[in-house]
Amino acid sequence: MSTAIETDVIVIGGGGTGLAAASEAALLGRDVLLLEKNAETGGSTSWSVGSITATNTPHQRKAGITDSADAHFEDMAKHAGDLAPRDNLKLRRILVDNTSEMIDWLMSLGVVFVGPEEEPPHRVARMHNVVPNSRSFAYHLTRHCLKLGVKIKLNTSLERVIIEDGRAVGVEARQPDGSTQIFRARHGIVLASGDYSAAADLKASLANPEVAQVDAINTTATGDGHRIAMGLGATVVNGDIVRGPIMRFIAPTKPNLLQQLPPTKWIAQMIAASANYLPAWILRPFLMSFLTTAVSPSTDLYKEGGVLINKNGQRFTDELAKPNRDMAKQPERIGWIVMDEVVAQKFSAWPYFISTAPGVAYAYLKDYQRNRPDIFHRSETIEGLASSMGVPPQILAETIRHYNQNDRGSRPAISTGPFYALGPVKSYVVFTDGGLNVTEKLEVVHASGAIIPGLYAAGSVGQGGLLLEGHGHHLGWAFISGRLAGRHAANFVR
């Protein structure tokens, strides 16, 4: 191990939270080192849909919407539902009080939004969607950090936080060549390492064994900060709240048009202008590349007659009960949605859609045929459909025959060709809501109730019991808590 390297502030994680923290600390004149275990910045932020729920924004004012942080605070309780008594109201207050300034800050860096869109039970439209894609956040924040002199070390993962005299003074990290290096902080250390959606051990111990083996959208969200802080005596709040299993179509092997666009400001502005002024028939094909990739299939598919089939060609669940959980127990945890021509025709026009992004657009079966040929299957016979899907033809034919005669209840039979399948579809854990117990300054709290001086946590790892139900709250908390943690870490004196 080489000689320790000293800096002012150390940030662990290069997603939206970590980049926000690093930039704020650098703005205060600190030397900042950011360690990111992946080959590029972005983290779960770049995997997100890209919505942020905010109040008193330029977009709301342009739309003539009067809104307030107090109203947003009240509406968040409606989203939380039965979980509301478990919310951290102090952190909720911090979130809602900072959303308008956060949107202004992101826009000043070159991030472009469209909206706002409705999302009940919010009383007014608050959902702002980034364009051209969620990679825009990391693109602009990374450039901002580099201009401020932040040193970013990629492919460098956290091994431990070093505690001396009860205070966090540095970290040990594993470098790209496999060696370890000690980094010491003259001021604070910020954990911005994301959630534990890809950590089977933490999902099992903090949530339940049923979701432990369900794959994560972000396979590198392994809860490193949670695990290491817990080893120091920190505790996790609301660790049992997991968003998943949720079914989504598998990702395309090649990036779609939306994902390939560079997130530069001028391209984003052109897209934003198009969303406001271009006719729907021009804009629609562009929107479909998003709608057929990033969102979940509608449960109406099952209500109207679609069935779920696993890799063995068997129906394995009651589609109207909890198919997400059952899908996670199937071979390779994948399946297909099978339907006949009657259902296919129904899902070709409103009000029957395959997927939707609220306030943006709706995707129908022909949109999937055009935009996702890799998951679209059609044949005149059930056996031919099975061959296209890659499942045993005779077993699928027998499965459908048995379903038609015995299992369909009041749902229509699958009997009118041609026949269709969409998939593979897979169950995922999208995110976990358990975060380290933190103070209003984002200081990590020991199980004894004392803070761990010099150690801060933000974003998912510093969620502290805050409930972030509904679209757009996780990203909002990522940027707001990251900026606050960066400031507090910069001002910490040990």
**OP:** For Arg126 and Glu118, run salt bridge (charged side-chain N to carboxylate O under 4.0 Å, His left out): C-alpha distance rounded to whole Å, both residues' side-chain angles, the deciding distance at 0.1 Å, then the answer.
**Re:** CA-CA 7 Å; Arg126 293 187 179 121; Glu118 299 276 357; over 6 Å; no
**OP:** Given side-chain contact (heavy atoms from CB on, under 4.5 Å), test Ile334 with Trp336 step by step and report yes or no.
**Re:** CA-CA 7 Å; Ile334 61 173; Trp336 288 260; 4.0 Å; yes
Subject >> Derivation of the side-chain contact (heavy atoms from CB on, under 4.5 Å) call for Arg333 and Met327 >> reply: CA-CA 6 Å; Arg333 296 189 279 279; Met327 178 72 79; 5.6 Å; no
**OP:** Decide yes or no on side-chain contact (heavy atoms from CB on, under 4.5 Å) for Leu206 and Tyr196, but give the supporting numbers first.
**Re:** CA-CA 10 Å; Leu206 296 172; Tyr196 50 89; 3.7 Å; yes
**OP:** Applying salt bridge (charged side-chain N to carboxylate O under 4.0 Å, His left out), run through Glu6 and Arg186 and close with a yes or a no.
**Re:** CA-CA 7 Å; Glu6 288 209 356; Arg186 289 183 284 266; 3.2 Å; yes
**OP:** Kindly indicate, with the supporting measurements, whether the criterion side-chain hydrogen bond (donor to acceptor under 3.5 Å, both in side chains) is fulfilled by His122 and His79.
**Re:** CA-CA 8 Å; His122 286 297; His79 277 279; 3.1 Å; yes
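At distances below 3.5 Å, at least one donor-acceptor pair connects side-chain atoms of Asp367 with backbone N or O atoms of Tyr364. Within the 3.5 Å criterion, the main-chain N or O of Asp31 finds a donor-acceptor partner in the side chain of Thr7. Using modelled atom types, no side-chain atom of Ser44 and backbone atom of Trp47 make a donor-acceptor pair closer than 3.5 Å. Without hydrogens or angle criteria, Asn238 side chain to Ile241 main chain gives no donor-acceptor distance under 3.5 Å. Remark: side-chain polar atoms of Asp195 are paired, donor with acceptor, to backbone N or O of Ser197 under 3.5 angstrom. At least one donor-acceptor pair under 3.5 Å links the side chain of Ser427 to the backbone N or O of Asn324. The closest donor-acceptor contact from the side chain of Ser298 to the backbone of Asp300 lies under 3.5 Å. In this structure, Ser134 contributes its side chain and Ser46 its backbone to a donor-acceptor pair below 3.5 Å. Within the 3.5 Å criterion, the main-chain N or O of Tyr139 finds no donor-acceptor partner in the side chain of Thr142. Using modelled atom types, no side-chain atom of Glu469 and backbone atom of Met76 make a donor-acceptor pair closer than 3.5 Å.
Between His471 and His128, the ring center distance fails the sub-6.0 Å criterion.
Each of Glu172, Glu159, Gln175, Arg174 was checked for a side chain to side chain contact (heavy atoms under 4.5 Å, CB included) with Gln181, and the lone residue meeting it is Gln175. Checking each of Phe376, Phe353, Phe249 against Tyr368 for a ring pair (Phe, Tyr, Trp, His ring centres under 6.0 Å) leaves exactly one that passes, namely Phe249.
Residues Leu455 and Leu232 have side chains in contact (heavy-atom distance under 4.5 Å, counting atoms from C-beta outward). Using a 4.5 Å cut-off on side-chain heavy atoms (C-beta onward), Phe431 and Ile217 make no contact. Between Asp215 and Val429, the closest side-chain pair of non-hydrogen atoms is not below 4.5 Å. By the 4.5 Å heavy-atom criterion applied to side chains, Asp240 and Arg86 are counted as neighbours. Using a 4.5 Å heavy-atom cutoff, the side chains of Val444 and Thr439 are not in contact.
Side chains of Glu36 and Asn38: a donor-acceptor N/O pair is present below 3.5 angstrom, by distance only. Between the side chains of Ser68 and Asp70, no donor-acceptor pair is found at a separation under 3.5 Å. For the 3.5 Å distance criterion, the side chains of Lys322 and Thr317 fail to qualify, holding no donor opposite an acceptor.
Other residues, nucleotides and ligands contribute over 12 non-hydrogen atoms within 6.0 Å of the CZ atom of Arg93.
For the pair Arg92 and Phe73, the cation-pi test (distance below 6.0 Å, angle within 45°) is passed.
Between Glu101 and Arg483 there is a salt bridge, with a side-chain nitrogen of the basic residue lying less than 4.0 Å from a carboxylate oxygen of the acidic one.
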